[in-house]
Amino acid sequence: DIQYEFYDADAYTTKLNTLVASENVWDVFQLGGNYSTYEKSIYPLNDDIDDGTIDTSNTTDTYLNTTTDNNGNVVGLSLGVNSYAIAYDPAMFKKAGVEEPTNDWTWDDYKEACIKIHEKLGIYGSSKLEDFLAGATVGIMPEYNFFDKKDSTKLGFDDSSVLEDYMKMRKDLVDAGAYPDPGALAEITSIEGDFVATGEAAMTWVATNQFVSLSNAAGKELKLVALPHKKANEKSGLMVNSSQMFSISQNSKHKKEAAKFISYFVNNEAANKVLNQERGLSIMSNVRDSLTSSSDTTATEINDYMSYIEKNNNDEGNNVENAKTPEIKAQYNLLLDKVIYGELTPKKAAQQLYDFAASSIK
């Protein structure tokens, strides 16, 4: 018998923190990249996987690694994986006379495409990027991680200058009219309202599990391409990410039953037709096959892209968040806005962000 509870994200986190403090967490609970904050409350799934209670025969090590900590503990089983991409409108590129991007393109290529599209069509070359991820995570890989990949209470780099190039590029694009200024970006309140969907931009940042909603809102063919690299043909910061996972409480009195439920939830094809990849692409090949129709070009685009990421992912990357990540991200966005408005140079903003992050996680 399963008793379930519904919460919005903020209320869920508040309730979970209360239960963690009282050592009375639900038998099965849901986590994302913040799992390191709750690791003392998590019962590792290794034994249940090894004895077959949790069936992982239809997945791969790449997908299991998305929910495995640095000590080899499987802290949960992913309910769906995603990655980040640039979604673009091929018709806009053709109309502007700009070649479509390829998976080995660079940030310089991205900037050039934005400016050319703006000059030819009078629209934004690109809509909203997730700036902290693009500029301070993907933007500094593969050489560095924002947080140390073995200890998220430390920064993974010691030279703030690696943050400067992205900030300068964003200012240059806004100054050129090829990228929305902060005021215009504030108008985007949902993926359906993105400027690609409204025809006001040729490309945008997207998580792969948002691509269906974006394509439906646009009402036309869109394509996916990898995030730009710092240099062509090098590994980027792209990773296969677990959007959410189910974990078992260390204090649960029903660990075996909880493990059986998790195995059912991720493996059962009928159950996953109800879920319909809402949490991302299933980590189980049988489920993916059952959900993918050959006539569904959007689903095929997602599956093909995720196959590329699985084969070309940056396995040296780190998608574990620090508890202070939201504060650091907010500070990054504030400093970036100051760069765009000319109140700070990229150099000063990068140093201030580094100092703020380093002091926040001590």
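Hydrogens, waters and symmetry mates are skipped; everything else that's a heavy atom, side chains included, is used. If you're wondering where the values come from, they're calculated on a predicted model, not measured in any experiment.
Below 30°, between 30° and 60°, or above 60°: for Y4 and F6 the angle between ring planes is above 60°, a perpendicular geometry. Ring orientation note: the planes of Y305 and Y308 are tilted relative to one another, at an angle of 30° to 60°.
For NZ of K256, the number of neighbouring non-hydrogen atoms (other residues, nucleotides, ligands) closer than 6.0 Å is greater than 12. Atom CD of E99 has 12 or fewer heavy atoms from other residues, nucleotides or ligands within 6.0 Å. The number of heavy atoms from other shown groups lying within 6.0 Å of CG (D304) is above 12.
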So Y166 and D131, side chain to side chain contact (heavy atoms under 4.5 Å, CB included) or not? Walk me through it.
-> CA-CA 9 Å; Y166 180 85; D131 289 308; 2.5 Å; yes
Residue pair T102, V225: steps toward the side chain to side chain contact (heavy atoms under 4.5 Å, CB included) verdict = CA-CA 6 Å; T102 59; V225 67; 5.5 Å; no
Pair D69-N73, side-chain hydrogen bond (donor to acceptor under 3.5 Å, both in side chains): steps then yes or no = CA-CA 5 Å; D69 69 11; N73 295 315; 3.3 Å; yes
Go through K116 and E112 one step at a time and tell me if the salt bridge (Lys or Arg N to Asp or Glu O under 4.0 Å) criterion holds.
-> CA-CA 6 Å; K116 284 184 177 179; E112 182 180 355; 3.0 Å; yes
Could you check V28 against F265 for side chain to side chain contact (heavy atoms under 4.5 Å, CB included), going step by step and ending with a plain yes or no?
-> CA-CA 12 Å; V28 176; F265 198 97; over 6 Å; no
Under the side chain to side chain contact (heavy atoms under 4.5 Å, CB included) rule, what do K120 and K95 come out as? Steps first, then yes or no, please.
-> CA-CA 8 Å; K120 294 287 186 178; K95 188 176 180 181; over 6 Å; no
Could you go through the side-chain hydrogen bond (donor to acceptor under 3.5 Å, both in side chains) check for T106 and D108 one step at a time?
-> CA-CA 5 Å; T106 66; D108 287 339; 4.8 Å; no
Between S127 and D194, is a side-chain hydrogen bond (donor to acceptor under 3.5 Å, both in side chains) present by the stated rule, with each step listed?
-> CA-CA 7 Å; S127 184; D194 188 275; 3.2 Å; yes
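Between K111 and D165, no side-chain nitrogen of the basic residue sits less than 4.0 Å from a carboxylate oxygen of the acidic one, so the salt-bridge criterion is not met.
Contact between A226 and I86 at its shortest, heavy atoms only, is O-CG1, 4.3 Å. What you find for L77 and L45 is that their closest heavy atoms are N-CD1, 3.8 Å. Nearest heavy-atom pair across S126 and C114 is CB-SG, 3.6 Å. The minimum heavy-atom distance between F93 and P101, with the atom names listed, is CE2-CD, 3.6 Å. In plain terms, the two heavy atoms of Y354 and S160 that are nearest each other are CB-CB, 3.8 Å. Heavy atoms only, all atoms of each residue included: M203 and Y88 are closest at CB-CB, 3.7 Å.
Side-chain N or O atoms of N267 include one that pairs as donor or acceptor with a backbone N or O of S263 at under 3.5 Å. In this structure a side-chain-to-backbone donor-acceptor pair under 3.5 Å is present from H229 to N103. Of the possible polar contacts, one joining the S243 side chain to the G80 backbone as a donor-acceptor pair under 3.5 Å is found. Side chain of T56 to backbone of T59: no donor-acceptor contact under 3.5 angstrom is found. At least one donor-acceptor pair closer than 3.5 Å links the side chain of S290 to the backbone N or O of V287. Side chain of N145 to backbone of F147: no donor-acceptor contact under 3.5 angstrom is found. A donor-acceptor contact shorter than 3.5 Å links the side chain of D159 to the backbone of S161.
Between the OH atom in Y341 and the CG atom in L336 there is a gap of 10.5 Å [rounded to 0.5 Å]. Note: Y124 OH to T204 OG1 = 12.5 Å, rounded to the nearest 0.5 Å. Note that CZ of R288 is 5.5 Å distant from CG of L281, once rounded to the nearest 0.5 Å. Rounding to the nearest 0.5 Å gives a distance of 5.0 Å between OG of S360 and CD1 of I328. The distance from the CZ atom of F356 to the CG atom of L335 is 8.5 Å, given to the nearest 0.5 Å. Summarising the geometry, atom NZ belonging to K324 is positioned 10.5 Å from atom OG1 belonging to T37; distances are rounded to the nearest 0.5 Å.
When each of T68, I42, I248, N46 is checked for a side chain to side chain contact (heavy atoms under 4.5 Å, CB included) with V75, only I42 meets the rule. S41 pairs in a side chain to side chain contact (heavy atoms under 4.5 Å, CB included) with only one of the listed residues (L16, N251, V20), which is V20.
The hydrophobic cluster containing L334 does not contain L353, counting ILVMFWY residues as joined when their side-chain heavy atoms lie under 4.5 angstrom apart, directly or transitively. Connection of I262 to V274 is not established within any shared hydrophobic cluster, with ILVMFWY side chains joined at heavy-atom distances below 4.5 Å, either directly or through further cluster members.
A cation-pi arrangement is absent between K329 and F132 under the rule of less than 6.0 angstrom and at most 45 degrees off the ring axis.
Not a single ring pair (Phe, Tyr, Trp, His ring centres under 6.0 Å) links Y63 to another residue, sequence neighbours left out. Legend: residues meeting salt bridge (charged side-chain N to carboxylate O under 4.0 Å, His left out) with K94, ordered by chain and number and at least two apart, are absent.
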Report, one line per pair, each donor and acceptor closer than 3.5 Å where one atom sits in a side chain of residues 206-213; sequence neighbours left out.
residue, atom, partner, partner atom, Å
T208, OG1, S83, N, 3.2
N209, OD1, N82, ND2, 2.9
Q210, OE1, A207, N, 3.0

Residues 175-185, side-chain donor-acceptor partners within the protein, below 3.5 Å, at least two apart:
residue, atom, partner, partner atom, Å
D175, OD2, K171, NZ, 3.3
Y179, OH, L129, N, 2.8
D181, OD1, G183, N, 3.1
D181, OD1, A184, N, 2.8

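The side chain to side chain donor-acceptor pair (under 3.5 Å) pairs that include a residue from residues 14-23 are N17-Y38, where partners are two or more places apart or lie in different chains. Note on residues 24-34: pairs passing side chain to side chain donor-acceptor pair (under 3.5 Å), not counting sequence neighbours, are E5-W26, D27-S252, Q30-Q244, Q30-R279.
For the pair V138 and Y84, the minimum side-chain heavy-atom distance is 4.5 Å or more. A 4.5 Å side-chain heavy-atom check between I115 and L173 finds at least one atom pair inside the cut-off. Side-chain atoms of L163 and F157, non-hydrogen and from C-beta on, do get closer than 4.5 Å to each other. Side-chain contact between N303 and T300 is absent, with no heavy atoms from C-beta onward closer than 4.5 Å.
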